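Below is one structure, written out as structure tokens, with a few remarks after it.
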Amino acid sequence: MTGLPASLRVARPPRKPPGTASQGLGVTRRLDAWWLAPGVQAVLFTVCATYLFVSGILLTPLFGTPYEVDGYLSPLFSPLLIWPDMPTWLSPGLLILWIPIGFRATCYYYRKAYYRFYFADPPGCAVGEPTVHRRFALENAFPFILQNLHRYLLYLAFVPLFFLWIDVIQGFGAWDGGTPIHTPFQGTAHPQIGLGGELLLVNTVLLTGYSLSCHSLRHLVGGRLDCFSCTQARRVRYTLWQRLTDLNRNHMWWAWTSLITVTLADVYVRLLQAGVVTDPVIHIGS
Ligand code: FES
């Protein structure tokens, strides 16, 4: 390689610098339980992610398990993409889940979290990491350079979010024009409040908060400006940026609560469908 002209040499991506923390996995002077938070997060994240993967992608092709009941559609399958001769080995969830999975996997907060608990990179502030990390280019090379797709996944994430809001509206009505999931807003709605509808609502509110509190969105709205008050459009952007900043301060909270509720919403639809629980419903005006 060294004999090649400079123009033909492939630049080697920069490696991770050693940093200032003590070297060696877990080496630290910290006396607190620094491992507790990443430990709890690792368990929670692994349980939810594994469940969502199995439920959204494997359950239906393997066992034909339905993902909708009484007008409630599991959020893992929204928008519902199906067609008459769809192969049975293909889960409709797979056709849409790649967006929220990619969005979460590249999220700045989750990156910090799972780099800690899965890769010990580093395991905590002022806690040593394995020296083997210095051999890796991390986000400078494949596959982690794909983390840069986060902004584009943010744009896409608003598509399923839009349909989740439609599901919420449909979940608060008993429709006499057919199955609402397959023929949205057909017939007459009889308003009702059911636990399933409330769960879908809370889940969608939290998913909306998670998307709106995204660091990338905040930068998109208020970044690359050197004057916030020069024009009316910039003043509007500044106001929006302030609101998004308020949400962004709690991005970690939005991330965990929405992950838990999306899991619970799917569990609830599955249990309802299996007849394990019944949906407590109040019919309004009847
Ligand atoms: Fe977390 Fe964008 S940074 S969703």
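The model shown is predicted, which means the values in this text are computed figures rather than measured ones. Each ligand, and each atom within it, is numbered from 1 in the order the structure gives.
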Take the angle between the ring planes of Tyr108 and His150 and call it parallel below 30°, perpendicular above 60°, tilted in between.
-> tilted
Output the list of atoms in ligand 1 that are nearer than 4.0 Å to some heavy atom of Cys214, sorted by atom number.
-> 2 (Fe), 3 (S), 4 (S)
Is His150 close enough to atom 1 (Fe) of ligand 1 to have an N, O or S atom under 2.8 Å?
-> no
Metal site atom 1 (Fe) of ligand 1: N/O/S of Cys107 inside 2.8 Å | yes
Check the angle between the aromatic planes of Tyr238 and Trp241 and answer parallel, tilted or perpendicular using the 30° and 60° thresholds.
-> parallel
Decide yes or no on side chain to side chain donor-acceptor pair (under 3.5 Å) for Asp266 and Tyr67, but give the supporting numbers first.
-> CA-CA 8 Å; Asp266 182 78; Tyr67 36 76; over 6 Å; no
For ligand 1, which atoms sit closer than 4.0 Å to a heavy atom of Tyr108?
-> 1 (Fe), 3 (S)
Check step by step if salt bridge (charged side-chain N to carboxylate O under 4.0 Å, His left out) holds for Arg234 and Asp226.
-> CA-CA 10 Å; Arg234 289 182 177 207; Asp226 53 10; 3.7 Å; yes
Assign the ring pair Tyr210 / His251 to parallel, tilted or perpendicular, where the plane angle (0 to 90°) is split at 30° and 60°.
-> parallel
Close approach of Phe103 to ligand 1, heavy atoms, under 4.0 angstrom | yes
Is the distance from atom 2 (Fe) of ligand 1 to some N, O or S atom of His251 under 2.8 Å?
-> no
